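Order of the sequence lines fixes the chain letters, A, B, ..., with proteins taken first and strands second; residue numbering starts at 1 for each chain. Keep in mind that this is a model prediction, so the values were computed, not measured.
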There are 2 protein chains.
Amino acid sequence: MNSGKLGNRTFVTIKDVAKTAGVSIATVSRILNHTAGVSETLEARVREAIETLGYSTNDAARTLKGKNSFSIGLIIPDIQNPFFPALVRSIEDTAHASDHAVLLCNSDGDVEQEMRYIRFLHGKRVDGILLIGGQQSNKSVELAESLQMPIVLLDRRVKGKKLPAVFLDNAHGGRLAVEYLLACGCQKIAFIGRRSLSSAEERFNGYCEALNDKNIEINRKLIQSQPFTFDGGYKGTEALLKEKVEFDAIFAGNDVMAFGAIACLQSHGMNTPQDIQVVGFDDIWMAKGYNPSLTTLCQPVAEIGQAAVNLLLNLREKTEPKVLEMRFLPQLIIRDSTMKKSKE
Amino acid sequence: MNSGKLGNRTFVTIKDVAKTAGVSIATVSRILNHTAGVSETLEARVREAIETLGYSTNDAARTLKGKNSFSIGLIIPDIQNPFFPALVRSIEDTAHASDHAVLLCNSDGDVEQEMRYIRFLHGKRVDGILLIGGQQSNKSVELAESLQMPIVLLDRRVKGKKLPAVFLDNAHGGRLAVEYLLACGCQKIAFIGRRSLSSAEERFNGYCEALNDKNIEINRKLIQSQPFTFDGGYKGTEALLKEKVEFDAIFAGNDVMAFGAIACLQSHGMNTPQDIQVVGFDDIWMAKGYNPSLTTLCQPVAEIGQAAVNLLLNLREKTEPKVLEMRFLPQLIIRDSTMKKSKE
DNA sequence: TTGAAAGCGGTACCAT
DNA sequence: ATGGTACCGCTTTCAA
């Protein structure tokens with residue numbers, strides 16, 4: 001028995017099962033795939049053979065012959081970015097729930113890397129790609145399209161490309177953040193972020209819209225362009241301090257920047273929320289545990305991941321290339337980095 | 001051209017290349033694999049055909065016929081545990097560097113899940129498994145062995161199993177932590193952790209050893225068994241406070257617990273490091289940014305991940321089932337959650 | 001209902 | 001050096 005081999009390992013094949021059960025391999029295949037009526041007698045015999053032999057289907061053969069590989073590629077900038085783990089987790093759970101493997105690839109947001117991975121995943125014949133792109137991912141997307149690979153965009157838009165995508169309404173989040181700070185009594189709200197990514201830009205737009213709504217003029221000095229890191233938040237705050245602009249609140253592009261901002265304030269003898277109020281974005285796990293705990297915008301990560309996988313898997317069924325876009329809403333989570341000031 | 005199909009997608013196959021180049025598929029295969037001498041003329045023609053046609057090799061076919069699948073399975077409890085992302089990143093970088101895909105699976109530390117994933121990965125014919133196991137992973141390991149799947153243990157030992165493995169010397173880390181706290185002038189050092197995982201148990205052992213070395217008796221009341229979470233750290237500290245045991249330092253099982261501990265202390269009006277000094281373990285990214293920044297033990301995650309992948313990939317070459325174990329040393333990183341007290 | 005057999009896209013052995 | 005071809009494990013059509 002154990003006719004199959006791969007390297008120095010041996011595998012039970014469909015042939016072994018067929019022989020032990022005394023049927024043809026076609027019958028075994030049918031039973032495995034519930035693909036045609038098979039008599040109960042044979043079915044029982046085959047199932048027993050499968051059991052005793054410990055047969056497991058060979059996905060490589062199935063892929064070679066069949067329609068899909070039961071795997072998807074997930075390209076993200078860096079799993080070490082604390083926003084991604086929760087999203088990745090929900091993607092994997094969803095994918096595995098329909099028996100699809102997830103091949104994780106870290107691109108560092110670099111187009112060349114992305115394209116390398118797309119080619120790699122093409123060789124693996126993945127059923128599709130979930131992409132959280134970088135700034136120039138339009139090239140990657142074009143490559144994927146030319147390779148006829150189904151692709152779904154996640155979290156970030158790609159300029160000039162209309163594609164199936166799952167997003168958060170970042171502008172709405174920005175608006176919520178600023179509106180809440182205003183409601184808290186803040187007047188001079190600074191923004192630390194960067195307009196490099198679509199998501200980041202939208203958050204900034206939300207910030208502007210909320211201020212416009214209240215007829216508050218936007219003060220350029222209150223806007224600091226910094227990378228979305230702890231250090232970025234720290235430096236942006238330092239810059240605000242140096243410029244001697246007055247400000248009473250900071251809306252940070254994400255939670256990690258918010259932590260950096262708070263740390264900077266503290267090292268300059270200012271407290272959050274008493275002196276300066278701070279709002280972050282994403283609601284990563286640490287937002288609750290930071291000192292002070294962080295008011296922030298919570299993304300429905302589980303739903304987003306799930307929607308993205310389902311969208312991708314449905315894509316290959318439909319022949320018409322439906323461009324679907326799903327948009328989710330963030331939710332304001334109020335914690336200790338903000339406070340309602342009594343009118344002075 | 002484009003003879004291959006998969007679903008409604010089409011692929012360029014080796015046959016297409018052969019036809020365009022006017023050679024046999026055997027020749028193309030040889031060139032692809034540098035497997036035998038081929039005349040420069042033909043090689044040039046073939047390479048050009050590959051280029052113009054945009055051929056990419058079909059891994060499913062290659063796997064079916066050949067020795068490996070160029071993929072490995074990575075089973076971890078949960079990517080959302082902030083210690084894992086950095087490790088996973090280094091694993092993926094290393095694997096991809098030798099053209100292997102990484103199939104990520106989250107088991108939640110549950111044996112049943114682990115076994116489900118092992119079977120799944122077996123079907124995918126992965127070249128091996130990297131396992132960060134849970135408490136009862138001996139069953140999973142046995143399954144993998146019975147399936148003849150190369151397996152390397154990571155980070156945590158599995159009871160009763162001697163296997164290729166890559167570990168941190170956790171006991172050494174525990175010792176370093178406690179020795180440093182003693183050097184800082186602390187006398188009553190509490191431990192919050194849990195002895196469920198081998199890594200955790202070893203950290204505790206290091207704690208005991210360091211105290212024994214100095215002939216300090218171990219006070220049971222100073223030891224709090226708690227899960228390795230923020231809340232665990234918080235509750236463990238609360239318990240210490242309630243028991244009214246005197247203590248001047250806390251060695252937490254990991255960084256997240258340390259954050260919880262510090263938060264709890266603060267909410268009880270005690271400051272770190274002035275009142276209670278705290279040391280964590282792992283040096284996750286937030287350790288530097290927390291308030292106060294955390295003294296902790298840094299794991300050489302990049303090296304560990306790299307070693308694990310290489311060990312796994314080498315495993316299938318060797319026929320003799322060498323049991324290799326690699327042990328890495330943690331490094332004490334001193335930050336603001338500890339301080340040298342002047343003698344009182 | 002069941003079986004025989006033709007491939008899927010490669011690799012590698014055997015000829016030439 | 002090059003080509004022909006058997007075969008990897010499975011799915012699916014065609015006959016029986």
Side-chain angles (χ1 to χ4, degrees), chain A residues 1-46 49-50 53-70 122-125, chain B residues 1-46 49-50 53-70 122-125:
Chain A
M1 221 43 66
N2 285 5
S3 62
K5 279 184 199 175
L6 203 165
N8 36 31
R9 299 192 273 157
T10 58
F11 294 89
V12 179
T13 74
I14 202 175
K15 266 186 201 161
D16 302 323
V17 176
K19 201 181 292 174
T20 347
V23 301
S24 75
I25 60 169
T27 302
V28 179
S29 175
R30 284 184 193 112
I31 291 172
L32 253 22
N33 302 293
H34 327 276
T35 203
V38 176
S39 74
E40 296 192 359
T41 340
L42 286 197
E43 163 130 22
R45 289 224 306 270
V46 170
I50 289 177
L53 262 38
Y55 168 81
S56 99
T57 177
N58 182 332
D59 274 6
R62 200 209 278 272
T63 301
L64 183 55
K65 182 66 187 177
K67 297 202 179 358
N68 40 216
S69 66
F70 299 99
H122 181 248
K124 292 273 178 238
R125 296 295 184 269
Chain B
M1 221 45 65
N2 284 9
S3 62
K5 279 185 198 175
L6 203 165
N8 37 30
R9 299 193 273 157
T10 58
F11 294 90
V12 179
T13 75
I14 201 173
K15 267 185 199 161
D16 302 322
V17 175
K19 200 181 292 175
T20 348
V23 299
S24 74
I25 60 169
T27 301
V28 178
S29 176
R30 283 185 195 110
I31 291 172
L32 253 21
N33 302 292
H34 325 279
T35 202
V38 176
S39 74
E40 295 193 359
T41 340
L42 286 197
E43 162 130 21
R45 288 225 305 272
V46 170
I50 289 178
L53 261 40
Y55 169 80
S56 98
T57 176
N58 182 333
D59 274 5
R62 199 207 279 274
T63 301
L64 183 57
K65 179 68 186 174
K67 296 203 180 353
N68 40 217
S69 65
F70 299 98
H122 182 248
K124 292 272 178 235
R125 296 297 184 268

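- Proximity of A:Val28 to A:Tyr55: side-chain heavy atoms (C-beta onward) are nowhere separated by under 4.5 Å.
- Closest approach of B:Ala61 to A:Leu64, counting heavy atoms only: CB-CD1, 3.7 Å.
- Residue contacts shown for B:Val23 are limited to sugar-phosphate atoms, with no base heavy atom under 4.0 Å away.
- Taking atom NZ on A:Lys19 and atom C1' on D:dG9, their separation rounds to 14 Å, with Å as the unit.
- Applying the side chain to side chain contact (heavy atoms under 4.5 Å, CB included) test between A:Val38 and each of A:Val23, A:Val46, A:Ile31 identifies A:Ile31 as the sole match.
- Summary of the strand contacts: B:Leu64 and B:Glu40 both lie near DNA chain D, and taking for each the nucleotide with the nearest heavy atom, the more 5' one is attributed to B:Glu40.
- Taking side-chain N and O atoms only, B:Ser24 has a distance below 4.0 Å to OP1 or OP2 of D:dG3.
- At the phosphate of C:dT2, OP1 or OP2 sits under 4.0 Å from a side-chain N or O atom of A:Ser39.
- To the nearest angstrom, P of C:dG9 lies 17 Å from NZ of A:Lys124.
- In this structure, A:Asn68 atom CG and D:dC10 atom C1' are separated by 14 Å, rounded to whole Å.
- A distance-only check finds no donor-acceptor pair linking the side chain of A:Ser29 to the backbone of A:Ile25 [under 3.5 Å].
- Across the protein-nucleic acid pair, A:Asn58 atom CG and C:dC8 atom P stand 18 Å apart, rounded to whole Å.
- Taking atom CD1 of residue B:Ile31 and atom P of nucleotide C:dA12, one finds them 15 Å apart after rounding to whole Å.
- Two residues are said to be in side-chain contact when any heavy atoms from C-beta on lie closer than 4.5 Å; A:Asn58 and B:Arg125 meet this criterion.
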Enumerate the protein-to-nucleotides 12-16 of chain D contacts in which both atoms are nitrogen or oxygen and the separation is below 3.5 Å.
{"from": "D:dT13", "atom 1": "O4", "to": "A:Arg30", "atom 2": "NH2", "distance (Å)": "3.3"}

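- At whole-Å resolution of the value, NZ in A:Lys15 and C1' in D:dT11 are 14 Å apart.
- Separating the CG atom of B:Asp59 from the P atom of C:dG10 is a distance of 10 Å, rounded to the nearest angstrom.
- You'll find the side chain of B:Arg45 stays beyond 4.5 Å of the side chain of B:Thr27, heavy atoms only.
- Considering only side-chain atoms of B:Arg62, the nucleotide from C:dT11, C:dG9, D:dC10 that sits closest is C:dT11.
- Look at CG on B:Leu32: it is 15 Å from P on C:dG9, rounded to the nearest Å.
- Remark: the backbone N or O of B:Ser69 is not paired with any side-chain donor or acceptor of B:Lys124 at under 3.5 angstrom.
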